[in-house]
Amino acid sequence: MNETQLLQTQLAFDSVAADYDGPRGNNELIQRMRVTLWDAVRDAVPLGSRLLDLGCGTGLDAVHFAGEGHEVVATDWSPQMVERTRARAIADDLQGRVDAAHLGVQQLGQLEGDGTFDGIYSNFGPLNCAPDLIALSNQCARLLRPGGTLVFSVIGRICPWEVAHYALRGRFRRAVVRAARGDTPVGMNRHVIWTRYYLPREFYRSFAGQFELSSHRALSLFVPPPYLVEFQQRHPAWCERLGRLDDRVGGWPLLRSMGDHFLIVMRKRPVA
């Protein structure tokens, strides 16, 4: 991923920062996935931990964890998103627990604090825009204490809902866009986000040298993906049932490699 692609991605997220807390970035289906990551982080680190947020967006996750008693360093490649995070922390009187920094995942070498973070999390696919996952793995290993945990929500390669939705409308190229290898342009608000899609095993491969895989599970496998929130609003009872099915079987073999996103948890390997 070159500098031009990174800047195009930055501009795309800058362009939606002002209203990203609305239906675009925080609808009912997104909130459901968000809580799953919150629960995973809560299980992985003790209260009062120091956390690093990669791709913090408007700060909803950072402020949530700060409100629970954690100290959060919240980073994002979009300066407008960082400003939203700072404003949210101030509004909730949590600016002492949230340090928001304009820093892309490709710039983590600039972040000080070797071995001082208890956990690193990333929600809703910022790491799909990371230009080099191996370099990211090395920086995460540098920043985490021994035994520290990564909790990442990543956009998956196999989303049955998406394939069916677009195929039924005759948009076959759009239905299989996640099958693309390498950097893939995705439109948002008349801008372009450059992203890469992964299976869990593809994603983990870059981290395997320094991190043990604790678990991974599907997110929004039976529940429709967030951009189909109108379906959820028309059929809330059905989607509630589908959500319970997601919770029950989303971690099963084969099924856990599908879904709109997947949640992957990794623990830093002990130093030999």
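Small disclaimer: the values here were computed from a predicted structure and weren't measured.
Side chains of Q139 and R142: a donor on one and an acceptor on the other come within 3.5 Å. Side-chain atoms of D132 and Q106 include no donor-acceptor pair closer than 3.5 Å.
Side-chain contact between S257 and H216 is present, with heavy atoms from C-beta onward closer than 4.5 Å. Taking the side chain as every heavy atom from C-beta outward, N26 and L60 approach each other to under 4.5 Å. Using a 4.5 Å heavy-atom threshold, the side chains of L54 and T75 count as touching. Taking 4.5 Å as the limit, some side-chain heavy atom of F211 sits within range of a side-chain heavy atom of L150. Residues L11 and T9 fail the side-chain proximity criterion, which asks for heavy atoms closer than 4.5 Å. P160 is listed as a side-chain neighbour of M258, based on a closest heavy-atom distance under 4.5 Å. In this structure, the side chains of P146 and P270 stay at 4.5 Å or more apart for every pair of heavy atoms. When side chains are defined from C-beta on, F262 does not count as touching R217, because their heavy atoms never get closer than 4.5 Å.
Shown here is R201, whose CZ atom has no more than 12 heavy atoms of other residues, nucleotides or ligands within 6.0 Å. For CD of E230, the number of neighbouring non-hydrogen atoms (other residues, nucleotides, ligands) closer than 6.0 Å is 12 at most. More than 12 heavy atoms of other residues, nucleotides or ligands sit less than 6.0 Å from atom CZ of R234.
A salt bridge links R88 to D21: at least one charged side-chain nitrogen sits closer than 4.0 Å to a carboxylate oxygen. Salt-bridge annotation for R42 and E68: present, with a side-chain N of the basic residue lying under 4.0 Å from a carboxylate O of the acidic one. Under the 4.0 Å criterion applied to side-chain N and carboxylate O atoms, E28 and R32 are not assigned as salt-bridge partners. Ion pairing between R84 and D19 fails under the 4.0 Å rule for side-chain N and carboxylate O.
A pairwise comparison of heavy atoms in I90 and Q95 identifies CA-OE1, 3.6 Å as the closest pair. Shortest non-hydrogen contact noted between A62 and V98 is O-CG2, 4.0 Å. Taking all atoms of both residues into account, the shortest heavy-atom contact from A40 to L263 is CB-CD2, 3.8 Å. Closest approach of H102 and Q107 over heavy atoms only: O-OE1, 4.4 Å. The two residues L221 and D246 come nearest to each other via the heavy atoms N-OD2, 3.2 Å. Contact between A167 and A175 at its shortest, heavy atoms only, is N-CB, 3.9 Å.
Put simply, V35 and F65 are part of the same group of oily side chains (I, L, V, M, F, W, Y) that touch within less than 4.5 Å, one to the next. Linking ILVMFWY residues whenever their side-chain heavy atoms come closer than 4.5 Å, directly or via other members, leaves I120 and I155 in distinct clusters.
Side chain of H261 to backbone of G156: no donor-acceptor contact under 3.5 angstrom is found. K268 places no side-chain N or O within donor-acceptor distance of the main-chain N or O of G147, the cut-off being under 3.5 Å. At distances below 3.5 Å, at least one donor-acceptor pair connects side-chain atoms of T184 with backbone N or O atoms of G182. At distances below 3.5 Å, not a single donor-acceptor pair connects side-chain atoms of T149 with backbone N or O atoms of V41. A donor-acceptor pair under 3.5 Å is absent between the side-chain atoms of D260 and the main chain of S220, judged by distance alone. The closest donor-acceptor contact from the side chain of R86 to the backbone of V82 lies at 3.5 Å or more, if one exists at all. At least one donor-acceptor pair under 3.5 Å links the side chain of Q10 to the backbone N or O of W77. Of the possible donor and acceptor atoms, one in the side chain of D76 sits under 3.5 Å from a partner among the backbone N and O of S78. Counting only distance, with no hydrogens or angles, the side chain of W194 and the backbone of C129 share no donor-acceptor pair below 3.5 Å.
For residues 115-130, the set of pairs meeting the side-chain hydrogen bond (donor to acceptor under 3.5 Å, both in side chains) definition, not counting sequence neighbours, comprises R50-T116, D53-Y121, D61-N123, D118-R145. Each salt bridge (Lys or Arg N to Asp or Glu O under 4.0 Å) pair with one or both residues in residues 147-165, not counting sequence neighbours, appears once here: R157-E202, E162-R174, E162-R178.
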Step by step, would you call Y166 with W161 a ring-ring contact (aromatic ring centres under 6.0 Å, His included)?
-> CA-CA 9 Å; Y166 286 110; W161 262 97; over 10 Å; no

L133 and Y198: CA distance, side-chain angles, deciding distance, side-chain contact (heavy atoms from CB on, under 4.5 Å) verdict = CA-CA 11 Å; L133 286 184; Y198 297 100; 3.4 Å; yes

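Evaluation of the side-chain hydrogen bond (donor to acceptor under 3.5 Å, both in side chains) rule for D92 yields no partner, not counting sequence neighbours.
Here the OH atom belonging to Y20 is positioned 11.0 Å from the CG atom belonging to N189, to the nearest 0.5 angstrom.
Below 30°, between 30° and 60°, or above 60°: for F207 and F203 the angle between ring planes is below 30°, a parallel geometry.
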